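So you know, we letter chains A, B, ... as the sequences are listed, proteins then strands, and number each from 1. On a predicted model such as this, the values are computed, not experimentally measured, just so you know. All heavy atoms count here, side chains included; hydrogens, waters and symmetry mates do not.
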Number of protein chains: 2
Amino acid sequence: METQQTRVLVQLRDLILKGHFAPGERLAEIPIAEQLDASRTPVRLALTTLEQEGLVEASSSGGYVMRRFTAQEIDDAIAVRGHLEGMAARLVAEHGVTRQLGNDLDDCLKQGDRIFAGPSMSLDDYAAYIEMNNRFHELIVGAAGNAALTRAIELNNRLPFAAASAMLPMQPSHDEGRNWMWMAHQQHHALADALRRGEGARAQALAEEHTQIARSNVRYALENPELAMKLLPGMRLVAGA
Amino acid sequence: METQQTRVLVQLRDLILKGHFAPGERLAEIPIAEQLDASRTPVRLALTTLEQEGLVEASSSGGYVMRRFTAQEIDDAIAVRGHLEGMAARLVAEHGVTRQLGNDLDDCLKQGDRIFAGPSMSLDDYAAYIEMNNRFHELIVGAAGNAALTRAIELNNRLPFAAASAMLPMQPSHDEGRNWMWMAHQQHHALADALRRGEGARAQALAEEHTQIARSNVRYALENPELAMKLLPGMRLVAGA
DNA sequence: GGTCGCGTGATTGCATACAATATAGCAAAA
DNA sequence: TTTTGCTATATTGTATGCAATCACGCGACC
């Protein structure tokens, strides 16, 4: 059975990332407890956890306040992800690609090829790409076999819009969205090739450069705030959006 | 005034890192609450926080259990620190060293030079080196100006023996301890030089290579478990020590 | 009219009560 | 002797009560 603390934590995190609270807004325990149908205790637990994750911050006078994020912070977090995923890619290249990993990577690549085979993409295609993209990134991080690295990436991915697929919901409404995703997929191909050849430096550089697309997506979102707000409600947490 | 939660959190973390609990041991709330003179509520809060930090893990049947660490995990965590500090060093080199940062780095370097000026080191010298070492590393990370990077390094440093000075208490009892520390200090000099010259790649490589000394210290500790246990009680948490 | 002080209400931090669940111990049977 | 089932105990998860503190609003005074 699911405990109240985990349920409240998941639901509250979801509310936050969907922009249910405005930046700076006080997160009072009682209203949240009522809304999520629990007592204050699990809400308190969840709030301390979310503080660790960096989504809320403790107010000096007690209680918690919704954090405000800047475009710079998002860019920084993506840069950190790129650097860490670069390390993971290098480790995988150095250790060698197992048969299992090779097959799993191939599945991702072929699925992507199929998605881009047609002249246009359906919404299902976009959703499938997001799922595949997450899987591809997780495969490489997991295959690096470094627990601290996996943990560091996971913790960094909790920051808003830092994760690999965080900005992808924008793409269907972007003129060049399909092209950007196609380019990202070609980078996946190149990265898998580098991994298989044991080219550690190339793999690291590709993984790191790969995040430039995410960074340009953030820039695009900030330049089109009304569109971004609609597709990514969490954008409300970003100052200047 | 300090709240109970922060006091309990700090004290409980301290107990854990001093090896007060055996790996796998159940961390029952009531005994901990009595020992720290608080109720179960702040203890629960602290336990969830420590779970986030990776020091304790949730038991499937409820409650928390002391984690067991492996030498591999420590080595991995140090490697992650090296990679992240390497990124910080590169960023600082690329952005340029401000006058303030240059002065602060110089203070560290000169203090280290003074410590190593004499033929032998007192215990105070060792303590001063540890403080200076921490300051040096924090200066560079802070100067990188990337909040997500600072956070990732801090979170990683919460893992046992991952932080820059975590293994240093061993050195006074190590035959070559002074030499290792001297070598580390020369690397600090080289790193500061690379930063000032704007040599990003060199700075990154130096910062990453710098952690090899920490990794060899871990190996030395594991080869001398009885000594390590005495100087670093937290070694009790490491399997095979 | 603006600012300071005060009081009331709301909210947090903490402790504790209670119910559900897991654990441990013991007895009985195979 | 070992295993199984039952019971009693211990521990957790959750809710709630209480005191301290903080925010806010109102009135008085400058």
TODO: Kindly state each residue pair satisfying salt bridge (charged side-chain N to carboxylate O under 4.0 Å, His left out) with at least one member in residues 60-72 of chain A, sequence neighbours excluded.
DONE: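 Residue pairs with at least one partner in residues 60-72 of chain A: A/R67-A/E73.
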Task: With sequence neighbours excluded, residues passing salt bridge (Lys or Arg N to Asp or Glu O under 4.0 Å) with B/E94 - done: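 B/E94 satisfies salt bridge (Lys or Arg N to Asp or Glu O under 4.0 Å) with B/R90 only.
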I'd like a table of donor-acceptor pairs (distance under 3.5 Å, sequence neighbours excluded) in which one partner is a side-chain atom from residues 154-166 of chain B, with atom names and distances.
from: B/N156; atom 1: ND2; to: B/A77; atom 2: O; distance (Å): 2.9
from: B/R158; atom 1: NH1; to: B/E53; atom 2: OE2; distance (Å): 3.3
from: B/S165; atom 1: OG; to: B/I130; atom 2: O; distance (Å): 3.4
from: B/S165; atom 1: OG; to: B/N133; atom 2: ND2; distance (Å): 2.9
from: B/S165; atom 1: OG; to: B/N134; atom 2: OD1; distance (Å): 3.1

TODO: Determine: side-chain N/O of A/Q5 to OP1/OP2 of D/dT12, distance under 4.0 Å, yes or no.
DONE: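 No, no such contact exists.
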Task: Atom pair distance, as rounded to whole Å: CD in B/Q4 and C1' in D/dC18 - done: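 Interatomic distance, CD of B/Q4 to C1' of D/dC18: 15 Å.
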TODO: Calculate the interatomic distance between A/R26 atom CZ and D/dT21 atom C1'; express it in whole Å.
DONE: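 Value for this atom pair: 11 Å.
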Can you sort out the partners of [X] under ring-ring contact (aromatic ring centres under 6.0 Å, His included), two or more places apart, ordered by chain and number?
| X | answer |
| --- | --- |
| B/Y126 | none |
| B/Y64 | none |
| B/F21 | none |

Open item on the list: Contact list please: residues 7-15 of chain A against DNA chain C, heavy atoms, distance less than 4.0 Å, in numerical order.
Closed with: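 Correct list: empty, so none.
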Task: A/H83 side chain to B/L84 backbone, donor-acceptor under 3.5 Å - done: no
TODO: Taking only heavy atoms on the protein side, list every residue of residues 29-61 of chain B lying under 4.0 Å from any atom of DNA chain D, sorted numerically.
DONE: B/E29, B/R40, B/R44
Identify every side-chain donor-acceptor pair in residues 34-43 of chain B under 3.5 Å, counting partners at least two apart or on other chains, and give the distances.
from: B/S39; atom 1: OG; to: B/T41; atom 2: N; distance (Å): 3.3
from: B/R40; atom 1: NE; to: B/E29; atom 2: OE1; distance (Å): 2.8
from: B/R40; atom 1: NH2; to: B/E29; atom 2: OE1; distance (Å): 3.0

